[in-house]
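Since the structure comes first, as structure tokens, the remarks are kept for the end.
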Amino acid sequence: MNRSAGLDPTTLQALRGRGRDTRTLINQIAAHLDAHDGYVALSGGKDSVVVAHLARQADPNVPMVWFDAGLDLPETRPYLEALANDWSLNLTVLTSHPSGLQVLASCGAWDHDAPNRPTPELAEVLIDAPARHAHHLFGPGELWGVRASESAGRRHMYATQLRRRITECPDPTCCPPGARRAPTPAQRHAHGGQIHRTDHTRAYGPIWDWATDRVWEYVAAHDIPAHPAYATLQALGAPEHAQRVSSIVSGALLENGRITWLRRGWPQTYAALLEQLPRLAEFV
């Protein structure tokens with residue numbers, strides 16, 4: 001008899017997750033907050049929620065910021081409100097003005113019969129302006145759940161920044177001058193996940209090198225409630241890369257079937273969006 005056949009995968013994930021020591025990582029988060037202040041960018045996705053859980057162990061009152069762009073799944077606001085209540089989060093909601101949907105609907109690009117109109121850049125409205133506001137409120141630091149394994153662009157970003165941090169490191173025992181080799185485990189540990197921007201903001205991705213399985217192990221080990229969208233997408237049979245909680249209309253995800261899964265799992269939301277953005281039907 002195969003006794004393992006009835007084992008709950010979530011139980012196995014929890015057991016693996018409880019076996020991992022995160023104390024050093026929590027200390028690194030504390031050091032980042034001490035050096036740069038800042039906030040946790042909380043989207044409701046599993047990665048940002050894991051970072052929020054880790055950050056609260058470093059500082060229970062660390063500011064959390066949700067950038068409400070007006071393009072989130074309908075479950076996101078209630079989920080974050082419940083999480084903020086259950087965890088006593090220091091949560092600030094920054095709402096985009098205009099909303100992402102207003103920008104998309106007014107530009108004319110999503111309706112073949114509408115004229116093109118000059119509109120703000122979507123990245124400025126949804127990311128840059130709210131981030132400037134958050135940094136003005138809380139300081140130059142930022143903690144986020146961006147992971148290298150999620151895209152080639154993110155891998156390149158982290159790899160490039162890691163090389164720069166090694167070059168700039170003043171400690172010759174950590175990073176010998178002129179050394180040209182792949183980063184050592186010690187260097188990855190000391191400098192990995194750090195993003196220094198030209199505007200002097202300092203982002204840190206504590207789980208930058210985690211695989212997806214490890215994220216779910218942590219969620220299971222700490223009984224973290226997941227965003228309901230994950231269960232919906234899993235029930236629909238969505239592949240792992242499509243199981244994302246992010247902006248409904250995302251240029252990075254449109255070609256990967258984002259709208260197809262939206263129509264299947266959230267038909268009313270899809271229908272409402274289609275009234276404003278008729279060309280969404282071209283991505284189903």
Side-chain angles (χ1 to χ4, degrees), residues 10 13-14 39-57 60-105 122 125-127 130-131 133-134 137-138 142-146 207 212 215-216 218-238 240 242-250 253 258-277 280:
T10 302
Q13 286 179 324
Y39 61 92
V40 176
L42 186 62
S43 68
K46 63 185 185 304
D47 303 320
S48 74
V49 172
V50 165
V51 171
H53 190 273
L54 289 164
R56 288 177 64 248
Q57 296 173 71
N61 295 313
V62 60
M64 308 275 171
V65 178
W66 174 41
F67 299 115
D68 179 10
L71 284 172
D72 289 283
L73 292 169
E75 299 95 335
T76 297
R77 179 178 287 275
Y79 169 74
L80 287 175
E81 289 175 347
L83 196 68
N85 181 66
D86 293 343
W87 287 4
S88 300
L89 297 182
N90 178 14
L91 179 64
T92 297
V93 179
L94 297 182
T95 304
S96 299
H97 297 288
S99 71
L101 181 57
Q102 288 172 325
V103 172
L104 292 172
L122 197 60
V125 172
L126 303 190
I127 301 173
H133 189 183
L137 293 173
F138 303 115
E142 180 178 3
L143 293 163
W144 62 7
V146 175
I207 62 172
T212 300
V215 176
W216 284 120
Y218 188 96
V219 169
H222 297 276
D223 296 319
I224 297 174
H227 192 297
Y230 289 113
T232 299
L233 289 165
Q234 289 166 7
L236 291 170
E240 182 180 294
Q243 296 177 23
R244 302 283 292 275
V245 174
S246 59
S247 176
I248 292 173
V249 183
S250 167
L253 298 174
R258 176 72 165 175
I259 303 304
T260 298
W261 298 112
L262 178 69
R263 188 182 70 167
R264 293 179 182 178
W266 295 266
Q268 293 181 331
T269 300
Y270 170 77
L273 280 174
L274 197 61
E275 291 181 4
Q276 301 298 320
L277 310 174
L280 275 183

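All residue numbers refer to positions in the sequence shown, counting from 1.
- Note that CD of Gln102 is 10.0 Å distant from CG of Leu71, once rounded to the nearest 0.5 Å.
- For the residue pair Pro225 and Leu83, the shortest heavy atom distance occurs at CG-CD1, 4.0 Å.
- Note that the OG1 atom of Thr212 and the CD atom of Gln243 stand 9.5 Å from one another [nearest 0.5 Å].
- Contact of the Val245 side chain with the Tyr230 side chain is registered, since non-hydrogen atoms from C-beta on lie closer than 4.5 Å.
- Within the 3.5 Å criterion, the main-chain N or O of Arg258 finds no donor-acceptor partner in the side chain of Arg244.
- Remark: Trp266 CH2 to Leu233 CG distance equals 4.0 Å, nearest 0.5 Å.
- Side-chain N or O atoms of Gln57 include one that pairs as donor or acceptor with a backbone N or O of His53 at under 3.5 Å.
- With rounding to the nearest 0.5 Å, the separation of OH in Tyr79 from CG in Leu73 is 12.5 Å.
- The minimum heavy-atom distance linking Val103 with Pro98 is given by the pair CG2-CG, 3.7 Å.
- Val51 and Gly145 get closest at one heavy-atom pair: CG2-CA, 3.8 Å.
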- Query: Where do Leu101 and Leu273 land on the side-chain contact (heavy atoms from CB on, under 4.5 Å) test, with the steps shown first?
  - Reply: CA-CA 8 Å; Leu101 181 57; Leu273 280 174; 3.7 Å; yes
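- Scanning both residues, Pro74 and Pro78, for their nearest heavy atoms gives O-CD, 3.4 Å.
- For the pair Ile259 and Tyr270, the minimum side-chain heavy-atom distance is below 4.5 Å.
- Considering CG of Asn85 and CG of Leu80, their distance stands at 12.5 Å, rounded to 0.5 Å.
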Would you tabulate the side-chain donor-acceptor contacts of residues 86-96 under 3.5 Å, counting partners in other chains and residues two or more places apart, or write 'none'?
| from | atom 1 | to | atom 2 | distance (Å) |
| --- | --- | --- | --- | --- |
| Asn90 | ND2 | Asn61 | O | 3.1 |
| Ser96 | OG | Val125 | O | 3.4 |

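- Side-chain contact between Leu54 and Ile207: present, with at least one pair of heavy atoms (C-beta onward) separated by less than 4.5 Å.
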- Pair His227-Thr76, side-chain contact (heavy atoms from CB on, under 4.5 Å): steps then yes or no: CA-CA 7 Å; His227 192 297; Thr76 297; 2.9 Å; yes
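- The two atoms that bring Ala55 and Leu143 nearest to each other are CB-CD1, 4.0 Å, heavy atoms only.
- Listed for the His222 side chain is no donor-acceptor partner under 3.5 Å among the backbone atoms of Ile224.
- Using a 4.0 Å cut-off between charged nitrogen and carboxylate oxygen, Asp72 and Arg77 do not count as a salt-bridge pair.
- Residues Thr232 and Leu236 meet the side-chain proximity criterion, which asks for heavy atoms closer than 4.5 Å.
- Taking each heavy atom of Gly70 and Ser99 in turn, the nearest pair found is CA-CB, 4.4 Å.
- Using cut-offs of 30° and 60° for the angle between ring planes, the Phe138 and Tyr39 rings count as tilted.
- Atom CG of Asp47 sits about 8.5 Å away from atom CH2 of Trp216, to the nearest 0.5 Å.
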